[in-house]
Amino acid sequence: MLYLDNSATTPLLPEVKEAMLPYLLEEFGNPSSKYYSYAVNAKEAVELARNNVATLLDCDANEITFTSGSTETNNMIIKGVADYYQSKGKHIITSNVEHPSVLDTCEFLETKGYEVTYLNVDQYGRISLEELRASIRNDTILVSIMWGNNELGSLNNIEEISNTCKEMGVLFHTDATQVVGKIQLSLEEYPGISFLSCSAHKFHGPKGTGAAYIKSDEYGVSTPLTPLFHGGGQENGVRSGTLAVHNIVGMGKAAELAFKSLEENIVKIGELEQKLTDLLKEKFSNHIIFNNDIVNKIPGILNVQFIGINNEILVKKLAPVMAVSTGSACSSSKPSHVLAAIGLTLDQIRNTLRFSLSPLITIEELLIFNSL
Ligand code: PMP
């Protein structure tokens, strides 16, 4: 079975499993307990993982808060900022191609008296800087724009967007779930990013674990926001709850491996993507249209229309030999809002498949397309 749905989730690397196992078994301590070795070992393991995630993002370890994944992080940042800064304003800006964990959170806030501007996107799903500038008001408290799109793979110009937000004095959050571990990314170079979301299972770590990057100032004071979870005060009081040590260790190991192999993986995925593009073109020539841009994109995501073929039927037909998807796994029951936002008709959306690669795939495996 050829797995081509790596934007939905990625397989756990064997090294990650090995790193996690002791923390499911003998090292079962609670990192918030004190003095005895089970607690100290668990705490050390969590802090090592935090350092590894911080190295991958190029930020300080104290700017990393562990969560249960990007859905939680997106909720935590958007609701947390909305609540904390409500006396300053109740206006939020996002785009209409965000993940449901951003869009539905914004819609929820609209029912609570917040006003949300949903920026339109170009044919590849990118926002315009001019529209962003024009939308920022005195009462804007947060801009939340994804780094890379999970269906099209297109990358927003986060440097310009974050600089604009900084210049205009607005907090900026980016959902970087699809780009962390996939592209070179140094938060040191983006002083305008106040918050970032990422998730371990998108870079060969375990599901149910992610992180929030919450920027600290030069004195180490982190950007304040209202916590989503109240309780024991773990994670500097921002995210209460006993830490999922085994999962966090897994995320740390996956981050370490992603950091080490980043350049190599980018080259490998680039080659795989080129091969897959060629195979699709050879096999289906003028029966396919690529919806994705070919530049400024996440390596390894192709979004392709098979003219006149229903995607649900195609996914089912391919299922015995190949795992692909019609788009986002988080909204697979509805036609893609992302493809609708870039101007595709319902028929075109229903003809579209997303292929997403990982460095674990080989060129030989892709040759299965020749026998379809
Ligand atoms: N944002 C984006 C862009 C995603 O692709 C996903 C996962 N599909 C999420 C958020 C949610 O992440 P998680 O699965 O960790 O909740």
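What's counted below: heavy atoms across the whole structure, side chains too, no hydrogens, waters or symmetry copies. Just so you know, ligand 1 is whichever comes first in the structure, and atom 1 is the first atom listed for that ligand.
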query = Given Lys202, Lys207, Glu98, which has its nearest heavy atom closest to atom 8 (N) of ligand 1?
reply =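 Residue with the shortest heavy-atom distance to the ligand atom: Lys202.
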Contacts of type side chain to side chain donor-acceptor pair (under 3.5 Å), residue Lys297, not counting sequence neighbours =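 Expected list: Glu273.
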Would one find an N or O of [X], backbone or side chain, under 3.5 Å from an N or O of ligand 1?
X      : value
Ser7   : no
Ser68  : no
Ser101 : no

Residue Gly69 vicinity, atoms of ligand 1 by number, heavy atom under 4.0 Å =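 Per the distance check, 15 (O).
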request  = State the atoms of ligand 1, each with its element, that fall below the 4.0 Å cut-off from a heavy-atom position in Ser199.
outcome  =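 Heavy-atom distances to Ser199 below 4.0 Å select 13 (P), 15 (O).
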query = Judged by non-hydrogen atoms, does Glu72 sit under 4.0 Å from ligand 1?
reply =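 Distance cut 4.0 Å: Glu72 fails for ligand 1.
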Does ligand 1 have a heavy atom under 4.0 Å from the side chain of [X], from its backbone, from both, or from neither?
X      : value
Thr177 : side chain
His201 : side chain
Met146 : side chain

key: Exceeds 12 heavy-atom contacts within 6.0 angstrom, atom NZ of Lys88   =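 Buried by this count: over 12 neighbours within 6.0 Å.
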request  = Decide if atom CD1 of Ile307 counts as having more than 12 heavy atoms of other residues, nucleotides or ligands within a radius under 6.0 Å.
outcome  =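 Counting neighbours around CD1 of Ile307, more than 12 heavy atoms of other residues, nucleotides or ligands fall under 6.0 Å, so yes.
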ask   = How long is the span from the CD1 atom in Ile342 to the OG atom in Ser154, to the nearest 0.5 Å?
value =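 Result: 7.5 Å between the selected atoms.
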query = Centres of the Phe306 and Phe284 rings: under 6.0 Å?
reply =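 Close enough - the centres of the two rings lie under 6.0 Å apart.
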query = Does the gap between the ring centers of Phe172 and Phe195 come in under 6.0 Å?
reply =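 Judged by ring-centre distance (under 6.0 Å), Phe172 and Phe195 do not meet the cut-off.
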message = Taking Thr362's backbone N and O only, do any of them form a donor-acceptor pair with Glu365's side chain (distance below 3.5 Å, no angle check)?
response =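 Answer holds: yes.
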